**Student:** 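Quick one: the structure is below, questions incoming.
Since the model is a prediction, treat every value here as computed from it, not as a measurement. Each chain gets a letter, A, B and so on, in the order its sequence line appears, and its residues count up from 1.
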2 protein chains.
Amino acid sequence: MAAVTLSQVAHAAGVSQATASRVLNGSTRVPGEDVAERVRSTAERLGYVANAQAQALARSSTRLLGLVVQDIADPYFSSIARGVQAASRELQRQVLLASSERDLTLQLESVLALIAHRADAIIMAGSLWDEESVGNLRHALSGYADNGGRVATIGQPIGVGRTVEPANSDGAAELADALVDAGHSRFAIICGPAEMRTSKDRVRGFTASLTRHGFRPEAIVSADFSRDGGFDAAGRLIEETNLPGSGGAPLCVFAASDVMAIGAIAGWRARGIGVPRDVAVAGFDDIPTLRDHTPHLTSVELPLEWMGRQAARLALSGSESGAANDVIGEAAVRLRESTSLAVNSGRHGRRE
Amino acid sequence: MAAVTLSQVAHAAGVSQATASRVLNGSTRVPGEDVAERVRSTAERLGYVANAQAQALARSSTRLLGLVVQDIADPYFSSIARGVQAASRELQRQVLLASSERDLTLQLESVLALIAHRADAIIMAGSLWDEESVGNLRHALSGYADNGGRVATIGQPIGVGRTVEPANSDGAAELADALVDAGHSRFAIICGPAEMRTSKDRVRGFTASLTRHGFRPEAIVSADFSRDGGFDAAGRLIEETNLPGSGGAPLCVFAASDVMAIGAIAGWRARGIGVPRDVAVAGFDDIPTLRDHTPHLTSVELPLEWMGRQAARLALSGSESGAANDVIGEAAVRLRESTSLAVNSGRHGRRE
DNA sequence: CTGAAAGCGCTTACAG
DNA sequence: CTGAAAGCGCTTACAG
């Protein structure tokens with residue numbers, strides 16, 4: 001790449017490189033308007049675009065914001081990414097995006113790549129690790145932080161940097177409260193893999209609330225944290241539990257994410273089991289793209305985009321006392337058709 | 001940031017900086033294994049991570065891949081981004097993500113930022129422009145290309161670089177064919193803004209096919225290219241068209257995207273109009289997250305993730321004759337419940 | 001195989 | 001206000 005260089009512009013404009021630099025890249029020490037104008041028009045004419053790599057090296061600040069997500073196509077992460085992106089624009093940063101694919105090795109590689117690029121800050125969304133494997137990651141991150149790098153995690157603290165914590169446990173507990181209030185009395189759970197903290201927290205909150213109300217889940221089925229995982233789990237669940245006949249109390253299933261809930265509904269439908277006619281279902285996240293699903297899904301809304309923005313803010317704002325250290329993404333229960341009891345009283349229930 | 005430096009590692013290992021560089025960063029000219037090992041362990045001990053900015057400057061190659069999308073939270077773009085991300089991992093690149101928000105100014109700024117970072121290649125997905133505004137963009141991009149930058153667009157050619165073109169027009173035409181084959185005879189269209197080429201191409205292909213079959217749309221309603229746009233359009237459409245009574249031929253509405261179709265269905269449902277009972281609807285894109293929508297949506301599948309991969313390949317592969325210049329994202333019609341005529345024969349139709 | 005040195009394209013004290 | 005020069009952290013001919 002032989003792009004136009006600052007020194008070329010300076011030469012063509014008949015000034016020193018220092019002057020050209022000061023004119024073109026917002027220095028407070030502004031040269032005379034005549035010279036400035038000459039430099040500007042020369043730069044324009046030559047099509048000069050400053051080399052950000054060289055600037056970064058000279059300033060030792062890249063204005064890069066690193067973001068690692070598990071899967072950018074997952075609506076959960078793409079919503080967060082949107083928030084990060086928006087905040088980074090306001091904060092004049094560029095986003096360096098890495099995907100970890102739920103693979104611990106890739107996750108470490110991603111982080112290392114972001115460190116190599118000397119991103120001013122690194123945001124890790126939906127990180128996945130167990131206590132053994134987290135060592136390398138934490139080591140890399142804390143070295144990075146020691147050198148002035150800023151770290152923010154979304155989901156769980158990793159011991160370095162600040163964190164945006166979604167109210168997974170509390171939200172799930174409030175959901176259980178609301179479900180009990182609505183009249184449900186039989187519960188089961190579909191969740192993700194045991195080592196996934198997001199899923200674990202949600203199950204924990206849900207179960208704890210149930211216990212307070214004097215209930216406990218009749219079954220807990222774990223599967224891949226995906227639509228297909230929910231589909232499979234739906235099948236396994238009905239083998240483990242009794243769906244009531246027309247007389248009994250209906251079963252209410254909490255799926256640890258909307259995406260799993262959708263899969264479960266599809267799985268039941270394939271077996272002729274209707275929601276909420278034969279079984280009630282609640283999800284988590286309240287993904288916007290799924291708001292028009294039929295039946296409308298009871299869920300727990302999380303401010304995903306806002307959480308992305310906050311993570312960027314936490315990571316980029318000074319470490320001074322002013323800024324909060326951690327922030328909570330508050331959850332809000334949305335009771336909807338999928339857990340409705342009204343239509344559940346008999347076999348003749350109509351949807352709508 | 002005072003990260004450990006190559007020269008520090010070299011010093012600590014008692015070798016020259018050149019040697020350290022050769023050991024640590026895959027040069028073919030490998031030093032003796034004893035020295036190499038000493039350098040490696042020193043680097044490890046000191047926690048050395050190469051500064052990618054400095055490397056980029058020295059090598060004049062950043063290994064950065066720029067991607068600009070309109071909205072990363074839109075499933076259309078996040079699917080593409082996933083493909084780009086996957087390919088870039090295989091090609092050892094990092095992704096620099098920019099969002100243009102359907103704003104021409106932001107779009108230009110995004111591209112300029114990517115150029116400033118000297119990305120090896122820039123991919124523009126779902127670009128939006130009219131012939132007047134495209135000037136600046138094309139100018140920036142062609143200057144970039146002149147300096148060795150590679151460009152790929154997804155959606156429409158911009159006159160510089162290669163392009164991945166989704167079969168919007170052909171796919172929509174095939175959809176119309178299939179719908180006519182299935183027995184539909186009355187049509188209407190819900191589309192995005194006139195200046196959006198994606199929408200325009202789809203409408204054009206659909207209408208052209210209709211014409212060949214001797215039909216023409218009874219109404220064309222344009223709205224925002226979003227769920228809410230579809231919702232609004234649904235309302236306006238029924239004011240402009242006659243929905244048949246129990247006897248007449250049913251209306252079949254083509255929405256220019258799945259997201260608009262979903263919105264339209266919600267809009268009708270809010271007015272007591274059922275799909276496909278009262279009106280048939282087809283979308284476009286076949287978004288995976290919407291596959292479990294009720295009714296199952298007739299759509300035209302586009303290989304979005306694959307298109308992202310191809311764009312990365314086109315952009316990063318050599319300009320030599322070997323590689324194809326442009327590639328088509330083939331469309332595949334998926335006829336499903338939302339355009340089913342079986343249930344449409346009377347008022348007693350049941351969904352499922 | 002190994003090293004001294006120039007150069008990548010900027011910024012920024014330091015002088016004038 | 002303006003410029004000469006050092007320095008940011010690497011790579012890579014060029015010698016030895």
**Student:** Take atom CZ of A:R38 and atom C1' of D:dC1, then tell me their distance rounded to the nearest Å.
**Tutor:** 13 Å

**Student:** Which residues pass the side chain to side chain contact (heavy atoms under 4.5 Å, CB included) test with A:V15, not counting sequence neighbours?
**Tutor:** A:A10, A:A13, A:T19, A:A20, A:V35, A:R38, A:V39

**Student:** Nearest-Å distance, CD (B:Q53) to P (C:dG7)?
**Tutor:** 23 Å

**Student:** Can you tell if the side chain of A:V84 reaches within under 4.5 Å of the side chain of A:I123, non-hydrogen atoms only?
**Tutor:** yes

**Student:** Less than 4.0 angstrom from a charged side-chain N to a carboxylate O is my criterion; do B:R93 and B:D120 meet it?
**Tutor:** yes

**Student:** Show me the protein contacts with nucleotides 10-12 of chain D, counting only N or O atoms at under 3.5 Å.
**Tutor:**
residue: D:dC10; atom: OP1; partner: B:Y48; partner atom: OH; Å: 2.8
residue: D:dC10; atom: OP1; partner: B:N51; partner atom: N; Å: 3.1
residue: D:dC10; atom: OP2; partner: B:T5; partner atom: OG1; Å: 3.3
residue: D:dC10; atom: OP2; partner: B:L6; partner atom: N; Å: 2.3
residue: D:dT11; atom: OP1; partner: B:N25; partner atom: ND2; Å: 3.1
residue: D:dT11; atom: OP1; partner: B:Q55; partner atom: NE2; Å: 2.8
residue: D:dT11; atom: OP1; partner: B:R59; partner atom: NH2; Å: 3.3
residue: D:dT11; atom: OP2; partner: B:S21; partner atom: OG; Å: 2.4
residue: D:dT11; atom: OP2; partner: B:N25; partner atom: ND2; Å: 3.1

**Student:** Is any side-chain heavy atom of A:R63 closer than 4.5 Å to one of A:Q94?
**Tutor:** no

**Student:** Taking both distances under 3.5 Å as the test for a Watson-Crick or G-U pair, what stems of at least three pairs does DNA chain D have?
**Tutor:** C:1-3 with D:14-16, C:5-12 with D:5-12, C:14-16 with D:1-3

**Student:** For B:T153 and B:Q156, indicate whether the former's side chain and the latter's backbone hold a donor-acceptor pair under 3.5 Å.
**Tutor:** yes

**Student:** Rounded to whole Å, how long is the line connecting atom NE2 of B:H117 with atom P of C:dG9?
**Tutor:** 17 Å

**Student:** Would A:S16 and A:R22 count as a side chain to side chain donor-acceptor pair (under 3.5 Å) here? Give the steps.
**Tutor:** CA-CA 10 Å; A:S16 78; A:R22 288 193 269 253; 5.4 Å; no

**Student:** Under 3.5 Å, is there a donor-acceptor pair between the side chain of B:T62 and the main chain of B:R118?
**Tutor:** yes

**Student:** Can you check the A:H11 NE2 to D:dG3 P distance for me, whole Å?
**Tutor:** 13 Å

**Student:** Can a side chain N or O of A:T19 be found less than 4.0 Å away from OP1 or OP2 on D:dG3?
**Tutor:** yes

**Student:** If you measure only the distance, is there a donor-acceptor pair under 3.5 Å linking the side chains of B:S88 and B:R309?
**Tutor:** no

